[in-house]
Amino acid sequence: MTTFDPQMLISGQYHDMLVAGLKMSLQYLFYGFWIALPLGLVIALCRLSPYKPLRAFGTGYVEVVRSIPLLAQMLFWYFGVPEMLPQGVKEALYEGPVESICAVVALGVYTAAYMAEDIRSGIRAVPSVQMEAARSLGLSYMRAMRLVILPQAFRLTVPPLISQTLNLWKGTSIATVIGAAEMMYQAGQVESQSFRSFEAFAFVSVAYLGVSLIITGIANWFQHRWPVRTM
Amino acid sequence: MKIRLLAAATIASLTMVCGMAHADQLSDIKKKGELVVGVLGTDEPLSFIDPKTRELVGYDVDMGRAVAQKLGVKPVFKQITLAARIPELQQGRIDLLAASLTHNKEREGQIDFSLTTFITGQKVMVKANNPIKDVPELAGKRVATAKGSSMEVNIKKAVPTANVISFDTSPQALVAMQQGKAVAFVNDEMSLVRAMVELGDKRTEYKILPANISVEPLALGIRKGEAEFKKVVDETLRELESSGKAENLYEHWFGQKSSLKMGKRSFKIDSDKIDE
């Protein structure tokens, strides 16, 4: 019977590996978020656009991306997409941290589809008279969107966006399938080197939980600081 | 005081019951009437799905069948992943591992091993136009392997500065190397030879470096402390060897009749000792 050995998680080689994995997962979260949020906003605006081709593009994006598992998309972005790039770009990419780049892109593109839906529902929750009033004051459609609608929609959208950020955070673990050295990958490495599955996955669970609670904490603070205004 | 005695007695009797329940896996298997054998199912020719018959076949599978036959029970094959195979055995979800399992010292602390059933070496595959001629030249280079494998550990031992990237399966690691995401692909020689066969006309674009990064004795895995069961497994293997069936199995899966066309068998199934 083996016992739980917290020592290996506090210091030493395995500790270093797991902490390095945690740092990399946090980086994926950070970069993935900054791809997902702007892209999600663009897609949401496309879906609400008065122009039919843009609407079709937005709908197509959301439906396609939402319907395919993140795991499949991760493999696609890693094994498929780079091969379609021009030779020079491909070689430059393969010189660098290709696993991490592909993982971040896959995570960003995937989460953007969900964020787009949340942003869209937030925008649609702003009464249409707001748009009419803004347009009657002489603002263009885009200016009305930017100055009147989006700021109101943003407060409504924060809770679901936080939920998507949590999903993004957990989704970083899928990058282990493409050999990206994030936290799950490192836990697997520690497991296969030390045969200590329980310790490695306990560390991982606590780390995912901890970061998730921090994100939730930020969300609560935000909602308290900038509550939704009654309209 | 009384409570303490009672507790002690309870613990003692519980240990005995548990001890008894675990004392003989062999009789458990016979009672069940089936032997659950863990196989990978993705590692031709050790265990794989025959594309024509859609059935699980291979060298490991035949070994599992032989043990079940010896016991007079039905073999039940369960596909498991490379990384999960040892925990699956330890937790009793399978009785016997026949899963491309390398017998090494590190693992001896975790599980027991049967007689060595196959000996292969681990080698490195690179693109033919790559100037790399020997294993030490992989220093600082990206090397692809399978997760949870002994290759992962051995390449790190052979070239500590290599940047090892591990994938869920060996084929994925091979594709990563073919696409240029890694310079080299590490696997056991047998699998590399098979990969070369599958590459067909493209095989001239790749080369296998001559040096072994390790010698790999493969064996069947048995839960720790199941001496009776291990005895039966080893007896089965000895009988296969003495009757010449083991030689036939080698010829069938690896030799000139197979697609691998590997040379004559250079080992005998007669020992469970490993070097190092």
Contacting region of [X] [heavy-atom separation from chain B under 4.5 Å]:
X	value
Glu91(A)	neither
Leu93(A)	neither
Tyr185(A)	side chain

Heavy-atom check, side chain of Glu226(B) versus side chain of Asp112(B), under 4.5 Å
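Not touching, per the 4.5 Å side-chain cut-off.
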Heavy-atom check, side chain of Val215(B) versus side chain of Ile119(B), under 4.5 Å
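Sidechains of Ile119(B) and Val215(B): in contact.
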Please state whether the rings of Tyr61(A) and Phe57(A) are parallel, tilted or perpendicular, taking 30° and 60° as the class boundaries.
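Tilted: the ring planes of Tyr61(A) and Phe57(A) meet at 30° to 60°.
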Using atom types as modelled and distance alone, determine if a side-chain donor or acceptor of Glu137(B) lies under 3.5 Å from a backbone N or O of Lys133(B).
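Indeed, once roles are kept as given, a pair shorter than 3.5 Å links the two residues.
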With distance as the sole test, does Arg142(B) use its side chain to make a donor-acceptor pair with the main-chain N or O of Lys181(B) at under 3.5 Å?
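Answer holds: yes.
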If we define contacts as heavy-atom pairs under 4.5 Å, which of Arg107(B), Lys156(B), Gln90(B), Gln110(B) has the most with chain A?
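That would be Gln110(B).
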Need one label for Ala144(B): side chain, backbone, both or neither, based on atoms under 4.5 Å from any heavy atom in chain A.
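Looking at Ala144(B), nothing touches chain A.
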